[in-house]
2 protein chains.
Amino acid sequence: MDRSALFQKFLTFTSSVHEVSHELTRGVKNEDVTPVQYKILEYMMFSQPVTPSEIADCVDLSLPNTSRELRKLTEKGLCEKTTDNADRRRQLFRLSADGQAMMGRVFAQVQQGFEQRIDGLTEEELQELEKALELLQSKVFR
Amino acid sequence: MDRSALFQKFLTFTSSVHEVSHELTRGVKNEDVTPVQYKILEYMMFSQPVTPSEIADCVDLSLPNTSRELRKLTEKGLCEKTTDNADRRRQLFRLSADGQAMMGRVFAQVQQGFEQRIDGLTEEELQELEKALELLQSKVFR
DNA sequence: CCTTTTTGTTATCAAAAGACAAGTACCGGT
DNA sequence: ACCGGTACTTGTCTTTTGATAACAAAAAGG
């Protein structure tokens, strides 16, 4: 196997993935959140509740800046803050009803774009697709 | 096939791809370019020469801001500007020797990270990998 | 108690990025 | 030669993001 050729394919592939996901989330700009704020909300969709430290780690933001953006999101009514009673230094953030609703809209749009892309594929092709996703996920993108 | 389940896998997959490519290009911050400037240089690696309009389209930047960033990159000696003689309104940008060298370093580092990830895979697994990349590229990320 | 450490917030400042108005130079057609 | 459109540049202003110092509150461990 020619490793360099494989690497080339890897490069164009990742570039395509970026392009497509950018394309799919394009409509997010309608909503009143900045890119960084969106990343935070997206992260909160997967794990809730979260502390500022966790967000800072995963979204690659300093703690002070994370705190600032969380405050802005809270002011916009997209997330809510509570104090952890087990350790009162820790603050727990979760999406508010509005935040849930907004991210729901975004994901629905992304899903629709995805469905459109795989529209017309046979059942067999879908199965191959799933296998390919799992394979790459387990062997390269982990 | 459960489309929702497939969509879920798609989501976690793209998120993993982002994470990994972020991880692989982490060292770029050593070089003296901003993220936007890096995207421009990366684009120039694939197609050269390019006009400001093409860059603006592909990197999703307004023309004035593209022009500004290209000026900065030129001042840093990372790219060069020439006028298209066929149409003297058009400006052609290409990487300078320094720019080529820098992007070469970055790509070498990315390649090394990639090799490391696929290290230990058998010849057969590599073949499967290639197939999977091609499949996803052709059916979803196009 | 009394440090020390952890967790988070606030306040600034600077750099990067986005938006937009205005201007220059060139092309293509008339 | 003129005119409308294209390609790009310049200048300016705002917002977003990044970095850092200083602070407060709670926990952890003597």
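Here is how names work: the chains are called A, B, and so on, in the same order as the sequence lines, proteins then strands, and each is numbered from 1. Below, each value reflects all heavy atoms present in this structure, side chains not excepted, and no hydrogens, waters or symmetry copies.
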What's the verdict on ring-ring contact (aromatic ring centres under 6.0 Å, His included) for F10(B) and F141(B), showing C-alpha distance, side-chain angles and the deciding distance? CA-CA 11 Å; F10(B) 168 80; F141(B) 302 102; 5.8 Å; yes
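Here the side chain of R89(A) is nearest to one of dA26(D), dT17(D), dC27(C), namely dA26(D). The side chain of R88(B) sits closest to dC26(C) out of dT17(D), dA17(C), dC26(C).
Residues M44(A) and F93(A) form a side-chain contact, since some pair of their non-hydrogen atoms from C-beta on lies under 4.5 Å apart. Two residues are said to be in side-chain contact when any heavy atoms from C-beta on lie closer than 4.5 Å; L133(A) and Q137(A) fail this criterion.
The side chain of S62(A) contributes no N or O atom lying less than 4.0 Å from OP1 or OP2 of dT20(D).
Separating the CG atom of D87(A) from the C1' atom of dA24(D) is a distance of 15 Å, rounded to the nearest angstrom. If you take NZ of K72(B) and P of dG11(D), they are 13 Å apart, rounded to a whole angstrom. E54(A) has its CD atom 10 Å from the P atom of dT7(C), to the nearest Å. With rounding to whole Å, D60(A) atom CG is found 16 Å from dT16(D) atom C1'. Rounded to whole Å, atom P of dG18(D) lies 17 Å from atom CG of D32(B). The nearest whole Å value for the distance from the CG atom in L61(A) to the C1' atom in dT16(D) is 11 Å. Atom CD of E69(A) is separated from atom P of dT15(D) by 14 Å (rounded to the nearest Å). Straight-line distance from the NZ atom of K39(A) to the P atom of dT17(D): 10 Å, rounded to whole Å.
How far CD of E31(B) is from CG of L78(B): 8.5 Å, rounded to the nearest 0.5 Å.
Screening T66(B), L70(B), I55(B) for a side chain to side chain contact (heavy atoms under 4.5 Å, CB included) with L61(B), the sole residue that qualifies is T66(B).
With hydrogens and angles ignored, no donor-acceptor pair closer than 3.5 Å exists between the side chain of R90(A) and the base of dT7(C).
Hydrophobic clustering (side-chain heavy atoms under 4.5 Å, transitive across Ile, Leu, Val, Met, Phe, Trp, Tyr) keeps I40(A) apart from L92(A).
Between E23(B) and R26(B), at least one side-chain N (NZ, or NE/NH1/NH2) sits under 4.0 Å from a carboxylate O, which counts as a salt bridge.
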Nucleotide N/O of nucleotides 9-11 of chain C paired with protein N/O under 3.5 Å:
residue, atom, partner, partner atom, Å
dT9(C), OP1, K81(A), NZ, 2.9
dT9(C), OP2, S67(A), OG, 2.8
dT9(C), O5', S67(A), OG, 3.3

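Comparing Q37(A) and A86(A) by the nucleotide of DNA chain D that holds the closest heavy atom to each, the one mapping nearer the 5' end is Q37(A).
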